[in-house]
Every structure is written in C-alpha cells, then in structure tokens.
Protein chains: 2
Amino acid sequence: MRGFIQPRLLLLLAKKTSHGYELMEALRAIPGSENLSDPGMMYRTLRQLEEAEVLRSAWDTGGRGPARRVYELTKIGHEHLEVWVAEIRKTRTHLDKFLAEYESIAENRSVKRRKRG
Amino acid sequence: MRGFIQPRLLLLLAKKTSHGYELMEALRAIPGSENLSDPGMMYRTLRQLEEAEVLRSAWDTGGRGPARRVYELTKIGHEHLEVWVAEIRKTRTHLDKFLAEYESIAENRSVKRRKRG
DNA sequence: GACATCTATATGTTAAAGGCCAATAGTAGC
DNA sequence: GCTACTATTGGCCTTTAACATATAGATGTC
C-alpha cells in the first residue's frame, strides 16, 4: 500500500473535519494503513494538500491540550477524492487480473507436479 | 499502480523465461502496466533482482539482432512471487474496504442533497 | 559501403516519496 | 518542578520513479 496516504486523508476528512493528531490515530486504527501514520509524512502531506487548495485549515485553541490545526475538505478536495476513487477502482481491476493470471499459472504448475509425481 | 513492476516481471518470467526487451513489450501490452515499461527502470530492476538471486541470467547470442540477456526465475524467485501475491491480495481487500467506505459516505451526501433540494 | 531502422542493453541525472528520528511546545496531574 | 500526554514541525537519508542519453549488433536497401 504505497502512495495511499492522500486518498485516506481525503476520505477521513470527507467524513468529518479533523486535525493531524486525530487523523494519525484514525490511520493507525485502519488495518493496512498503520504505516501511513508517521507524523512526519502526515503533516507534510496535509500542508502540501493545503498548498494545492485541496484542504483548508484553521487553528482551534478551544479544546484541551495544545492548539490544533483543523483541516476541512474544499470543493477541489471533494473532486480530488472522486478522481482518487476512479483511480483506485482501476487499480483494483488490475490487481484482480494479476491475481487471476497468477492463479491460472499456479494451477498449471501444480497439475504438472501431479503428473510428474 | 506504483511499485508494481517487480511482481509483474516475476509473473511474466514465471510463465516463460525472457529477456529485457521482450519483457518491456509485454508490459506495454498489459493495460495499466504501460507506464512500468520504461527501459531504464526495467533493466535496473532486472539487475537488482538478479543481485538478490531472485533471477538468474545468461547471454543468448543465438537469435537475430544483438545478444540478449535471458532471465529465468530461481526458486527464491518463485517464493518471492508468492509473497507478492499474498501482499496483493491484502492490498485488494484494503482497496475494497476503502471503496465501500467511500460509497457509504457518497450515498449519505446525495441523500442530504435530495433532502435539501 | 553508407545509411536508416530495428533490436537490445545500460547509464546518468534529477525530483518526489517514504522512513526514521529529534525538536518544540502547550496542558494537566501529581 | 517533573512527568506524561497532546500536537505540530523539521531534518536527513534512502528508495523509487521519470526522463533523457549512450552504445552497439543485425538487417535491409539504395
């Protein structure tokens, strides 16, 4: 699961506005996304998505603990998410084809082994 | 589809031993793998897989055209392919979950729009 | 035989992504 | 004051990827 942090963040933020630390914990809780939750990557990605106007942020000094930068999806952000979804659907069908191919040759190999044995 | 060149090469070579140029053309012919067929990446990847004893190569001066370095999967190579397959199956289920989540929130959004509209 | 074309492999350079670790700082409880 | 928890940021280093370029044998053709 590489290069998958962006769509994950966008999907989380599409559900609900949130801040870095909370997003990090959310990623940690998703099986297969644990490795995406590195703080360094996280915050850098968030800033660069904001740069691209995919996200918008504001400081929230209300809650307990230090101030948090709260992110929300922009209209562009929602569009980006849709593009990602289309991309991911394509990827999934490619993976399906790959696995089907593998299974067909794996089948041949085991047939051959049975014949030989 | 990033970082997907290795399993593609391994699967192609599991089907039949082959050389760089042929592998490149095979990748070009697979929808979704066209971008993996850059010669630079190709040959470097092949050499580094050989370094790792996943592949083994020998020069073939027989055919027409310049000599070709023909690669074949080693036992380690077959094992690597199986590891990749397991990995890819996992990735596929993660993608499925992601898409399911997206569809559930997209559904909510359109319901809200209908109620508002 | 000079030239273009196709087949084939290899290298160099640079930019982006990812992994890992450390720094800074506010808040809260003891 | 000390520790623990919450929160954001920055630096460094490696890997991956993208793009361009170099080299060279074989083949066909005029």
Side-chain angles (χ1 to χ4, degrees), chain A residues 1-10 12-13 17-29 32-52 54-72 80 84 87 91 94, chain B residues 1-10 12-13 17-29 32-52 54-72 80 84 87 91 94:
Chain A
M1 293 287 276
R2 266 192 240 140
F4 202 58
I5 187 173
Q6 282 196 31
R8 265 296 172 202
L9 290 177
L10 296 190
L12 285 170
L13 288 170
T17 65
S18 183
H19 55 98
Y21 197 80
E22 195 178 40
L23 290 164
M24 230 176 64
E25 298 202 316
L27 285 178
R28 250 177 225 150
S33 297
E34 302 90 346
N35 51 323
L36 302 175
S37 66
D38 169 70
M41 270 266 296
M42 271 281 324
Y43 288 105
R44 258 180 301 186
T45 305
L46 288 171
R47 302 307 282 283
Q48 111 194 25
L49 288 174
E50 188 174 16
E51 182 72 20
V54 168
L55 304 179
R56 178 170 40 235
S57 78
W59 284 103
D60 170 15
T61 52
R64 56 218 85 266
R68 38 186 88 149
R69 193 188 279 278
V70 174
Y71 286 94
E72 107 185 276
H80 268 232
W84 270 111
E87 190 68 24
T91 299
H94 294 322
Chain B
M1 294 288 279
R2 273 201 230 127
F4 202 58
I5 187 172
Q6 282 197 30
R8 267 294 172 203
L9 291 177
L10 296 191
L12 285 171
L13 288 170
T17 65
S18 182
H19 55 97
Y21 197 83
E22 196 178 38
L23 290 165
M24 230 176 65
E25 298 202 316
L27 285 179
R28 251 178 223 147
S33 297
E34 302 90 345
N35 52 323
L36 302 176
S37 64
D38 170 68
M41 271 266 297
M42 270 280 326
Y43 288 105
R44 259 187 294 233
T45 304
L46 288 172
R47 301 306 284 284
Q48 108 194 25
L49 287 173
E50 188 175 13
E51 182 72 21
V54 168
L55 304 180
R56 176 171 41 235
S57 79
W59 285 102
D60 170 15
T61 52
R64 55 217 85 265
R68 36 184 89 150
R69 192 188 281 277
V70 174
Y71 287 95
E72 104 184 278
H80 268 232
W84 271 111
E87 190 69 24
T91 300
H94 293 324

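Numbers restart at 1 for each chain; the letters A, B, ... are given by sequence-line order, proteins then strands.
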Participant: Rounded to the Å, how far apart are B/Y71 OH and C/dA8 P?
Facilitator: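 Going from OH in B/Y71 over to P in C/dA8 covers 14 Å.
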
Participant: Does the side chain of A/R56 come within less than 4.5 Å of A/E72's, by heavy atoms?
Facilitator: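 A side-chain contact under 4.5 Å exists here.
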
Participant: Could you pull out the closest heavy-atom pair between A/R69 and A/S57, with the gap in Å?
Facilitator: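 What the structure gives for the nearest pair is NH1-OG, 3.2 Å.
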
Participant: Which parts of nucleotides 22-30 of chain C does protein reach within less than 4.0 Å, heavy atoms only, written one letter per nucleotide 5' to 3' as B for base, S for sugar-phosphate only and - for none?
Facilitator: ----BS---

Participant: Rounded to whole Å, how long is the line connecting atom CE of B/M41 with atom C1' of C/dT11?
Facilitator: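 One finds 15 Å between C1' of C/dT11 and CE of B/M41, rounded.
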
Participant: For A/R47, answer base if it contacts any base atom (sugar-phosphate contacts may also be present), sugar-phosphate if it contacts only those atoms, and nothing otherwise; contact means non-hydrogen atoms under 4.0 Å.
Facilitator: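 Since only primed, P, OP1 and OP2 atoms lie under 4.0 Å of A/R47, the category is sugar-phosphate.
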
Participant: For C/dA10, take OP1 and OP2 only and decide whether either is under 4.0 Å from a side-chain N or O of B/Y43.
Facilitator: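 Answer no for this pair, as no side-chain N or O of B/Y43 is under 4.0 Å from OP1 or OP2.
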
Participant: Output the rounded distance in Å from CG (B/L49) to P (D/dT16).
Facilitator: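 Taking CG of B/L49 and P of D/dT16, I get 11 Å after rounding.
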
Participant: Please walk me through it: do A/R47 and A/Y71 pass side-chain contact (heavy atoms from CB on, under 4.5 Å)?
Facilitator: CA-CA 10 Å; A/R47 302 307 282 283; A/Y71 286 94; 3.2 Å; yes

Participant: Report yes if some heavy atom in the side chain of B/H94 is under 4.5 Å from a heavy atom in the side chain of A/R8; otherwise report no.
Facilitator: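 The answer is no; the side chains never approach within 4.5 Å.
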
Participant: Please determine whether a side-chain nitrogen or oxygen atom of A/R69 lies at a distance below 4.0 Å from atom OP1 or OP2 of D/dT9.
Facilitator: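 Answer is yes, contact under 4.0 Å.
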
Participant: Let's see if you get this right: which residues in residues 21-29 of chain B place a heavy atom under 4.0 Å from DNA chain D?
Facilitator: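 Output list: empty, so none.
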
Participant: Whole-Å distance between D/dT21 C1' and B/D38 CG?
Facilitator: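 About 12 Å, once rounded to whole Å.
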
Participant: Assuming nearest nucleotide by heavy-atom distance, tell me which of A/T45 and B/R68 is located more 5' along DNA chain C.
Facilitator: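 Of the two residues, B/R68 wins.
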
Participant: Rounded off to whole Å, could you give me the CZ-to-P distance for the B/R44 and C/dT11 pair?
Facilitator: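 So the CZ-P distance, B/R44 to C/dT11, works out to 9 Å.
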
Participant: Between P on D/dA18 and CG on B/N35, what's the gap in Å once rounded to a whole number?
Facilitator: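 B/N35 atom CG is separated from D/dA18 atom P by 6 Å.
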
Participant: Using the side-chain contact (heavy atoms from CB on, under 4.5 Å) rule, take B/R68 and B/Y21 through it: C-alpha gap first, then chi angles, then the decisive distance, then the call.
Facilitator: CA-CA 8 Å; B/R68 36 184 89 150; B/Y21 197 83; over 6 Å; no

Participant: Using side-chain contact (heavy atoms from CB on, under 4.5 Å), reason through A/L10 and A/L49 one step at a time and then give a plain yes or no.
Facilitator: CA-CA 10 Å; A/L10 296 190; A/L49 288 174; 4.2 Å; yes

Participant: Do the side chain of B/E22 and the main chain of B/G20 share a donor and acceptor less than 3.5 angstrom apart?
Facilitator: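 Side chain of B/E22 to backbone of B/G20, a donor-acceptor pair under 3.5 Å: no, none is there.
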
Participant: In this structure, which one of B/L36, B/V54, B/L55, B/T45 forms a side-chain contact (heavy atoms from CB on, under 4.5 Å) with B/L9?
Facilitator: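 Of B/L36, B/V54, B/L55, B/T45, side-chain contact (heavy atoms from CB on, under 4.5 Å) with B/L9 is met by B/T45 alone.
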
Participant: Separation of A/L36 atom CG from C/dG19 atom P, in whole Å?
Facilitator: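 Rounded to whole Å, this separation is 8 Å.
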
Participant: Side-chain atoms of residues 60-67 of chain B: list all donor-acceptor pairs with protein atoms under 3.5 Å, sequence neighbours left out, distances to 0.1 Å.
Facilitator:
unit_1, atom_1, unit_2, atom_2, d
B/D60, OD1, B/G62, N, 2.8

Participant: Find the distance A/M42:CE to D/dT8:C1' and express it as a whole number of Å.
Facilitator: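 To the nearest whole Å, that distance equals 10 Å.
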
